[in-house]
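Comments concern the structure below.
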Amino acid sequence: MTSSRPYLVRAFNEWVLDNDCTPYIVVDAGLQGVQVPTAHVANGQIVLNISPGAVRGLVIGNSALEFSARFGGVPMQVFIPLQAVLAIYAKENGEGMVFGSEPGSPDPDGPGSGHDGAGQGAQEGRPSGRPTLKVVK
């Protein structure tokens with residue numbers, strides 16, 4: 001079967017927007033093919049606002065997510081293979097989804113992280129004051 005990740009990212013993005021919240025994604029910036037502003041990468045990850053007011057031309061395809069946006073006033077075309085999307089959540093309340101491993105996709109916790117894959121690894125090392133992620137079932 002094909003990966004469920006593109007369908008879930010599209011659905012959660014729509015759900016967050018329908019609830020008047022701001023969709024954010026957590027991306028593994030070290031994965032091959034990821035094109036994001038490297039100046040904003042921390043601990044190998046980047047958090048991006050993908051709301052209609054923040055990006056232009058958002059396309060969530062079956063293999064990649066892409067859009068154009070400005071970072072520090074500089075326009076950039078962002079390209080993210082969907083297996084690099086580790087989570088999608090609403091900025092306002094942290095509701096969303098952390099993605100686990102699928103056949104053919106990298107471990108979202110990374111090798112040797114010591115996590116059991118229950119979706120808690122994306123919270124590790126986050127500065128306080130940011131929303132926490134919750135697994136929605």
Under a 3.5 Å distance rule, please check whether [X] uses its side chain to pair with a backbone N or O of [Y] as donor and acceptor.
X     : Y     : answer
Asn93 : Glu95 : yes
Asn49 : Ser51 : yes
Arg5  : Ser63 : no

Please lay out, stage by stage, how Val55 and Leu48 fare under the test side chain to side chain contact (heavy atoms under 4.5 Å, CB included).
CA-CA 10 Å; Val55 303; Leu48 297 168; over 6 Å; no

Taking the side chain as everything from C-beta on, heavy atoms only, tell me whether [X] gets closer than 4.5 Å to [Y].
X     : Y     : result
Leu86 : Val98 : no
Pro52 : Leu58 : no
Val26 : Tyr89 : yes
Met97 : Val85 : no
Val27 : Leu65 : no
Asp28 : Val34 : no

Under 4.5 Å between side-chain heavy atoms, counting indirect links through other Ile/Leu/Val/Met/Phe/Trp/Tyr residues: same cluster for Phe79 and Phe67 or not?
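Looking at the clustering, Phe67 is in a separate group from Phe79.
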
Single-linkage hydrophobic cluster, 4.5 Å side-chain cutoff, Leu17 and Trp15 together
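The answer is no; the residues belong to distinct hydrophobic clusters.
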
For atom CD of Gln77, decide whether the heavy atoms of other residues, nucleotides or ligands shown that lie under 6.0 angstrom number more than 12.
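Yes, the 6.0 Å shell around CD holds more than 12 heavy atoms from other groups.
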
